Amino acid sequence: YKIEDPPGNISIIMEDGIMYYRRGDFGISQMLYPKDSVHFCTVDATMDLKFNLDDSGSCTSVEINWRNRMMHGEKIE
């Protein structure tokens with residue numbers, strides 16, 4: 001996903017059945033826990049993510065609340 005402010009890319013990856021948020025330019029990796037099918041949070045509760053789905057159920061973007069700073073990421077094709 002491409003983040004505009006602050007600029008950079010993030011990845012959401014699955015490793016051994018666990019979902020992670022990874023900020024490529026900072027090397028930060030956080031384990032994500034599901035709240036429901038589209039809402040997730042980090043184990044330390046500093047970040048909430050909401051995945052935005054299109055009509056077919058594919059994720060098109062993500063909304064991130066990191067310590068009350070809102071960020072939007074568009075899916076990179």
Side-chain angles (χ1 to χ4, degrees):
Y1 297 88
K2 182 174 182 63
I3 304 290
E4 295 295 328
D5 182 28
N9 293 336
I10 64 162
S11 298
I12 306 298
I13 59 168
M14 292 289 288
E15 289 181 3
D16 298 324
I18 299 172
M19 185 180 287
Y20 293 90
Y21 163 95
R22 187 166 291 153
R23 180 82 193 231
D25 48 347
F26 293 113
I28 298 169
S29 184
Q30 294 275 341
M31 188 183 307
L32 298 175
Y33 287 94
K35 293 181 173 182
D36 60 33
S37 63
V38 296
H39 294 91
F40 292 78
C41 68
T42 55
V43 67
D44 63 2
T46 59
M47 186 182 311
D48 290 301
L49 290 90
K50 177 184 179 262
F51 293 98
N52 300 311
L53 309 179
D54 63 15
D55 292 337
S56 70
S58 296
C59 184
T60 58
S61 64
V62 62
E63 305 297 328
I64 303 167
N65 180 345
W66 179 65
R67 298 183 179 179
N68 294 318
R69 180 176 182 173
M70 298 303 297
M71 296 177 274
H72 175 82
E74 288 292 324
K75 188 171 185 177
I76 300 171
E77 297 297 325

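Only heavy atoms go into these numbers, but all of them, side chains included; no hydrogens, no water, no symmetry mates. Predicted model, so just to flag it, every value in this text is computed and none were measured.
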Original post:
Taking atom OH of Tyr1 and atom CG of Leu49, what is their separation to the nearest 0.5 Å?
Top reply: 9.5 Å

Original post:
Is the backbone N or O of Leu32 less than 3.5 Å from a side-chain atom of Thr42, with the two atoms forming a donor-acceptor pair by type?
Top reply: no

Original post:
If you measure from CG on Asn65 to NE2 on His39, what distance do you get to the nearest 0.5 Å?
Top reply: 11.0 Å

Subject >> Ser61 OG to Asp54 CG distance, which is reported to the nearest 0.5 Å >> reply: 9.5 Å

**OP:** Under the side chain to side chain contact (heavy atoms under 4.5 Å, CB included) rule, what do Ile64 and Lys50 come out as? Steps first, then yes or no, please.
**Re:** CA-CA 7 Å; Ile64 303 167; Lys50 177 184 179 262; over 6 Å; no

Subject >> Gln30 side, atom CD; Arg22 side, atom CZ - distance, nearest 0.5 Å >> reply: 11.0 Å

Original post:
Using 4.0 Å as the upper bound for N to carboxylate O, is an ion pair formed by Arg69 and Asp5?
Top reply: yes

Quiz: residues 70-77 side-chain donor-acceptor pairs under 3.5 angstrom, not counting sequence neighbours:
| from | atom 1 | to | atom 2 | distance (Å) |
| --- | --- | --- | --- | --- |
| His72 | ND1 | Glu63 | OE1 | 3.4 |
| His72 | ND1 | Glu63 | OE2 | 2.6 |
| His72 | NE2 | Glu74 | OE2 | 2.5 |

Original post:
Between atom CZ of Arg23 and atom CG of Asn9, what is the distance when rounded to the nearest 0.5 Å?
Top reply: 8.0 Å

**OP:** May I ask whether Tyr21 and Val43 are part of the same hydrophobic cluster, defined by side-chain heavy atoms of I, L, V, M, F, W, Y residues being less than 4.5 angstrom apart, directly or through others?
**Re:** no

Original post:
Does the side chain of Val62 reach to within under 4.5 Å of the side chain of Ile10, using non-hydrogen atoms?
Top reply: yes

**OP:** Kindly indicate whether the side chain of Tyr20, heavy atoms from C-beta on, has any atom under 4.5 Å from the side chain of Ile12.
**Re:** no

**OP:** Could you grab the distance from atom CZ of Phe51 to atom CZ of Phe40, nearest 0.5 Å is fine?
**Re:** 6.0 Å

